[in-house]
Participant: 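Would you mind keeping the following structure in view while I ask a few things?
Both counts, for ligands and for their atoms, begin at 1 and track the order of listing. Start at 1 with the first residue, then count along the sequence.
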Amino acid sequence: MAATIIDGKAISTATREKLKQQVTDLGTKGIRPGLAVIIVGEDPASQVYVRNKVKACVDTGIYSEKHEIPATTTEEDLLKLIHRLNDKKDIHGILVQLPLPKHINSDRVLETISETKDVDGFHLYNVGALVTGNTIFAPCTPFGVKVMIEHLGLPVEGKSAVVVGRSNIVGKPMAIMLLEMNATVSICTSRTKDLKAYTKMADILVVAVGRPNLITADMVKPGAAVFDVGMNRLADGKLAGDVDYDGVKEIAGYITPVPGGVGPMTITMLLANTVIAAERAHKLK
Ligand code: NAP
């Protein structure tokens, strides 16, 4: 039987409706969550991402400000801006759009954002909090997958979860979150000897690699829930994930399409983290 297609847009819309209500409730207490987005340079893709983030804030009732900095800016000037935003009372979350120009040390920039405003969840403090089961801000993309799993009511406890990819922004935090949900977790990388042997065991399979068609139908356990994080621009201009969607949807129990699967959840979870940051700043959480 063909898989249930997971509608990321619908889950994202439902999640945003709940967030709007939370923002309204905070408004009655005189609190308006605020997000500052910093973009350095004129990378067209980054500009689109930033525009979408600002629009999502507006639509949800979150205050937002965009700081556009020329690519020639010094690291020192960027750090000064972050310090200023760290001190601003109406800003609860700060996001620096990556990648940064080569002359700027991204790690130093991310560590300069106050851990209380680190809505991307990349600060070492928040990584430590996640790993020790005290999550404050979870990185947005794996957080989105977690919310999708919960929304669908998929069983996780005692299940076999396999995460393909070990980046700091997706693979590693995803694996930790699944572990927290009491799955038995394996992480596969480019060095994994027999990828299929692992993926075939997975009740929950999350793929975050950046290689179209890496996961084919013969690599998937019948009935598995497959979350395709990959976003690959094909030669014909179309967007594709890492999973052979047409083949795998005939085997899996659930599958996310690309586009329209995991992608729409990422910005939504940024909004969720901004609301959490505002609640924490006002000691409501
Ligand atoms: P990344 O930092 O490049 O990491 C890719 C990971 O894939 C690495 O850990 C790498 O292993 C592993 N890998 C490479 N080839 C492999 C293979 N043949 N078998 C198994 N593992 C392999 O990528 P990322 O930032 O996590 O992003 C991954 C994909 O997700 C990209 O397509 C990206 O565009 C997409 N993405 C989507 C969203 C969204 O909102 N939907 C958000 C973030 C990223 P090694 O560590 O051994 O090199």
Participant: Test side chain to side chain contact (heavy atoms under 4.5 Å, CB included) on M177 and L130 and set out the steps.
Facilitator: CA-CA 8 Å; M177 285 181 212; L130 180 80; 4.2 Å; yes
Participant: Just wondering, do P33 and Y63 contact through their side chains at under 4.5 Å, heavy atoms?
Facilitator: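 No. Closest side-chain heavy atoms not under 4.5 Å.
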Participant: What's the verdict on side chain to side chain contact (heavy atoms under 4.5 Å, CB included) for M148 and I6, showing C-alpha distance, side-chain angles and the deciding distance?
Facilitator: CA-CA 8 Å; M148 287 174 129; I6 302 174; 4.0 Å; yes
Participant: Heavy atoms only: which of V209, T266, I169 is nearest to atom 14 (C) of ligand 1?
Facilitator: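 It is V209 whose heavy atom sits nearest to atom 14 (C) of ligand 1.
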Participant: Return the residue, atom name and 0.1 Å-rounded distance of the protein heavy atom closest to atom 21 (N) of ligand 1.
Facilitator: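 Going by distance alone, atom 21 (N) of ligand 1 is nearest to T189 C, 3.1 Å.
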Participant: To check your reading of the model: name the closest protein heavy atom to atom 10 (C) of ligand 1, its residue, and the distance in Å.
Facilitator: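 Of the protein heavy atoms, S190 N, 4.2 Å lies nearest.
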Participant: For atom OH of Y254, decide whether the heavy atoms of other residues, nucleotides or ligands shown that lie under 6.0 angstrom number more than 12.
Facilitator: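 For Y254, atom OH is not crowded (no more than 12 foreign heavy atoms under 6.0 Å).
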Participant: Do D59 and K55 meet the salt-bridge criterion of a basic N to acidic O distance under 4.0 Å?
Facilitator: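 Yes, K55 and D59 are salt-bridged.
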Participant: Give me the residue, atom name and distance of the protein heavy atom closest to atom 24 (P) of ligand 1.
Facilitator: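 Of every protein heavy atom, S167 OG, 3.7 Å lies nearest to atom 24 (P) of ligand 1.
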Participant: Can you confirm whether I38 sits close enough to I82 that some side-chain heavy atom of one is under 4.5 Å from a side-chain heavy atom of the other?
Facilitator: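 Result yes, sub-4.5 Å side-chain heavy-atom pair found.
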Participant: Output the list of atoms in ligand 1 that are nearer than 4.0 Å to some heavy atom of G263, sorted by atom number.
Facilitator: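 Heavy-atom distances to G263 below 4.0 Å select 41 (N).
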Participant: Please collect all salt bridge (charged side-chain N to carboxylate O under 4.0 Å, His left out) contacts where either partner lies in residues 210-222, sequence neighbours excluded, each pair once.
Facilitator: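 Those involving residues 210-222 are K196-D218, D203-K221.
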Participant: Among all residues two or more places apart in sequence or in another chain, which pass the side chain to side chain donor-acceptor pair (under 3.5 Å) test with T28?
Facilitator: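 Side chain to side chain donor-acceptor pair (under 3.5 Å) list for T28, sorted by chain: empty.
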Participant: Heavy-atom distance to atom 38 (C) of ligand 1: which of V229, T256, I267 wins?
Facilitator: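 Result: the heavy atom closest to atom 38 (C) of ligand 1 is in V229.
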Participant: Please check atom 27 (O) of ligand 1 for a protein heavy-atom neighbour under 4.0 Å.
Facilitator: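 No, there is no protein heavy atom closer to it than 4.0 Å.
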Participant: What's the shortest distance from atom 31 (C) of ligand 1 to any protein heavy atom, and which residue and atom give it?
Facilitator: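 So the nearest neighbour among protein heavy atoms is G210 CA, 3.8 Å.
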Participant: Which protein heavy atom lies closest to atom 43 (C) of ligand 1, and at what distance to 0.1 Å?
Facilitator: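 In this structure, atom 43 (C) of ligand 1 has V170 CG2, 3.8 Å as its nearest protein heavy atom.
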Participant: What protein heavy atom sits nearest atom 8 (C) of ligand 1, and how far off is it?
Facilitator: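 For atom 8 (C) of ligand 1, the nearest protein heavy atom is R166 N, 4.0 Å.
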Participant: For the atom pair CG (D7) and NE2 (H151), what is the distance rounded to the nearest 0.5 Å?
Facilitator: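 D7 CG to H151 NE2: 9.0 Å, rounded to 0.5 Å.
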Participant: Do me a favour and list the nearest non-hydrogen protein atom to atom 18 (N) of ligand 1 with residue, atom name and distance?
Facilitator: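 Protein heavy atom with the smallest distance to atom 18 (N) of ligand 1: R211 NH1, 3.1 Å.
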Participant: Could you tell me whether M231 and ligand 1 have an N or O pair separated by under 3.5 Å?
Facilitator: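 Between M231 and ligand 1 (N or O atoms, distance only) the closest approach is under 3.5 Å.
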Participant: Give a yes/no verdict on whether any heavy atom in G171 is under 4.0 Å from an atom of ligand 1.
Facilitator: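 It does not; every heavy atom stays at 4.0 Å or beyond.
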Participant: How close does the nearest protein non-hydrogen atom get to atom 42 (C) of ligand 1, and which residue and atom is it?
Facilitator: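 Of every protein heavy atom, T141 OG1, 3.2 Å lies nearest to atom 42 (C) of ligand 1.
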Participant: Is the shortest side-chain N to carboxylate O distance from R108 to E76 below 4.0 Å?
Facilitator: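 No, no charged N to carboxylate O under 4.0 Å.
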Participant: Just jot down the ligand 1 atoms closer than 4.0 angstrom to any heavy atom of V164, in number order.
Facilitator: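 Once the distances to V164 are compared, the set is 20 (C), 21 (N).
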